[in-house]
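First up is the structure itself, then whatever we jot down about it.
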Amino acid sequence: MALTGGEVRLERSHDGRVADVTLSHGRYTVITWEMRRLMAERFTEIDRDPAVQVVVIRSDGEHFSSGGDIAGFMEVEPIDFTDLGHDVTAPSRSPKPVIVAVDGYAFGVGLELVLSCDIRLATERSRFALPEMNLGMIPGSGGTQRLARLIGISRAKHHVMTARRMTGQEAADWGVVAELHADREALDAATEALVTTMLGFSPLALRAAKEVLDRGIDAPLYSGIELERKAYAMLRSSHDFAEGVAAFGEKRKPEFTGR
């Protein structure tokens with residue numbers, strides 16, 4: 001396989017408020033070097049669009065992704081790997097909430113992409129793995145660090161050092177995915193329901209929640225609490241908070257505008 005090939009399509013739905021990102025590269029959705037670059041480009045566009053409130057990532061293949069284009073990566077100079085983890089993991093840096101819907105394999109860089117998203121949904125048949133040990137390599141796009149923070153250092157060492165596959169049920173039990181669904185049809189329905197729920201909230205509050213959670217988790221407890229307190233104080237002055245309080249008192253659905 002070559003460095004090029006595959007698509008990362010960007011479409012909009014829900015009157016432009018949802019950015020739908022679709023990975024496309026055959027049955028197994030092998031992620032090429034070009035697809036990594038495209039992921040970063042798509043999120044640059046998404047982050048600059050004030051109309052987008054929620055992002056959803058899917059794959060149109062039989063599997064979410066079996067991993068990266070190994071043969072193509074062998075053509076890349078070592079110095080070019082310096083920023084390897086910054087492109088495909090663009091969802092982690094986006095200020096907007098990112099949902100990922102996983103069906104089938106999420107291996108290697110595919111799993112690293114999944115781990116960089118905010119809310120992860122999957123099907124029961126899904127399998128998760130970081131198989132780089134089979135190649136005499138380790139994950140290079142945040143896999144070791146994000147997995148350890150989710151499932152604990154002991155389980156993470158087990159999975160990384162043995163390339164063991166994690167079942168969908170294990171992923172749900174250990175907090176790798178938030179919800180597990182019977183099949184892709186059920187997954188799509190659950191994803192749409194989650195999108196609808198999130199669109200009913202204030203975009204300002206969602207962004208603040210993501211930032212406080214992401215930045216606070218690696219900080220000392222009281223530093224995280226201080227960050228939370230300041231974000232809370234900032235939101236108190238927003239139009240959305242005033243609207244939320246008014247709607248609560250008037251027993252109606254709030255109309256948030258992101259201001």
Side-chain angles (χ1 to χ4, degrees), residues 17-19 21 39-40 42-44 46-50 52-58 85-102 106 111-122 128 130 139 141-153 155-156 166 170-180 190-191 193-241 244-245 254 256-259:
R17 294 185 296 159
V18 177
V21 178
M39 182 63 71
R42 298 295 180 257
F43 268 88
T44 295
I46 289 168
D47 293 347
R48 289 176 177 172
D49 187 346
V52 173
Q53 296 176 332
V54 180
V55 185
V56 179
I57 299 179
R58 300 181 178 88
H86 291 289
D87 43 20
V88 76
T89 59
S92 66
R93 300 188 303 279
S94 175
K96 308 186 182 194
V98 182
I99 301 166
V100 62
V102 179
L111 177 53
E112 291 178 303
L113 168 60
V114 169
L115 294 176
S116 74
C117 298
D118 300 308
I119 300 178
R120 297 172 287 275
L121 311 182
F128 304 85
L130 293 170
S141 297
T144 62
Q145 301 306 299
R146 288 194 169 96
L147 188 64
R149 283 162 171 76
L150 281 172
I151 69 175
I153 189 68
R155 283 188 179 132
M166 185 187 310
E170 286 174 329
D173 291 343
W174 298 343
V176 175
V177 299
E179 296 177 8
L180 198 63
T191 302
L194 179 58
V195 166
T196 300
T197 295
M198 297 183 77
L199 288 177
F201 297 138
S202 163
L204 288 178
L206 287 172
R207 292 174 67 156
K210 175 172 180 173
E211 182 175 10
V212 168
L213 286 163
D214 283 346
R215 295 185 181 276
I217 193 66
D218 289 326
L221 174 61
Y222 287 102
S223 296
I225 290 174
E226 182 68 7
L227 178 62
E228 176 188 270
R229 185 185 64 78
K230 289 182 177 178
Y232 178 92
M234 180 274 292
L235 289 172
R236 283 291 298 268
S237 65
S238 69
H239 291 284
D240 277 355
F241 176 70
V245 172
F256 296 121
T257 61
R259 297 184 294 115

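Along the sequence shown, residues carry numbers from 1.
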*Are Arg149 and Asp218 close enough for a salt bridge, meaning some N to O gap below 4.0 Å?*
yes

*How about Val56 and Val18: do any of their side-chain heavy atoms sit closer than 4.5 Å?*
yes

*asked:* Using the rule given for side chain to side chain contact (heavy atoms under 4.5 Å, CB included), can you reason through Met166 versus Trp174, listing the C-alpha separation, both sets of side-chain angles and the distance that settles it, and then say yes or no?
replied: CA-CA 10 Å; Met166 185 187 310; Trp174 298 343; 4.0 Å; yes

*asked:* For the CG atom of Leu235 and the OG atom of Ser202, what is their distance to the nearest 0.5 Å?
replied: 7.0 Å

*Only counting residues at least two apart or in another chain, list the ones meeting side chain to side chain contact (heavy atoms under 4.5 Å, CB included) with Ala209.*
none

*Between atom CE of Met234 and atom CG of Leu204, what is the distance when rounded to the nearest 0.5 Å?*
6.5 Å

*Taking the side chain as every heavy atom from C-beta outward, state whether Ile57 and Pro91 have any pair of such atoms under 4.5 Å apart.*
yes

*Kindly give the heavy-atom pair with the smallest separation between Pro254 and Gly244, and that separation in Å.*
CB-CA, 4.3 Å

*Say you draw a straight line from CD1 of Ile119 to CD1 of Ile99; how long is it, rounded to the nearest 0.5 Å?*
5.5 Å

*Between Lys96 and Val54, is any pair of side-chain heavy atoms under 4.5 Å apart?*
no

*Report the residues that fulfil salt bridge (Lys or Arg N to Asp or Glu O under 4.0 Å) with Arg42, sequence neighbours left out, ordered by chain and then residue number.*
none

*Can you tell me how far the CG atom of Leu194 sits from the CE atom of Met198, to the nearest 0.5 Å?*
5.5 Å

*Heavy-atom count around Leu221 CG within 6.0 Å, excluding the residue itself: above 12?*
yes

*Report yes if some heavy atom in the side chain of Arg146 is under 4.5 Å from a heavy atom in the side chain of Thr89; otherwise report no.*
yes

*asked:* Would you say that Arg155 contacts Leu147 through its side chain, given a criterion of any heavy-atom pair below 4.5 Å between the two side chains?
replied: no

_Under the salt bridge (charged side-chain N to carboxylate O under 4.0 Å, His left out) definition, can you give me all pairs with a residue in residues 230-240, not counting sequence neighbours?_
Glu226-Lys230

*Which atom names give the shortest non-hydrogen contact between Ala19 and Val52, and what distance separates them?*
CB-CG1, 3.8 Å

*asked:* So Phe256 and Leu199, do their side chains get closer than 4.5 Å, heavy atoms only?
replied: no

*For residues 170-179, which residue pairs qualify under salt bridge (charged side-chain N to carboxylate O under 4.0 Å, His left out), counting only residues two or more places apart or in two chains?*
Arg164-Glu170

*Rounded to the nearest 0.5 Å, what separation is found between the CG atom of Leu227 and the OH atom of Tyr222?*
16.0 Å

*Pairs flagged by side-chain hydrogen bond (donor to acceptor under 3.5 Å, both in side chains) wherever residues 111-122 is involved - sequence neighbours left out*: Asp118-Lys210

*So do Val102 and Leu111 actually touch side chain to side chain, heavy atoms under 4.5 Å?*
no

*asked:* To check you understand the geometry: which heavy-atom pair defines the closest contact between Val88 and Leu113, and what is its length?
replied: O-CD1, 3.1 Å

*To the nearest 0.5 angstrom, please state how far the CD atom of Gln53 sits from the CG atom of Leu206.*
8.0 Å

*Which residues satisfy the side chain to side chain contact (heavy atoms under 4.5 Å, CB included) test with Arg48, sequence neighbours excluded?*
Thr44

*Does the side chain of Phe128 reach to within under 4.5 Å of the side chain of Val177, using non-hydrogen atoms?*
yes

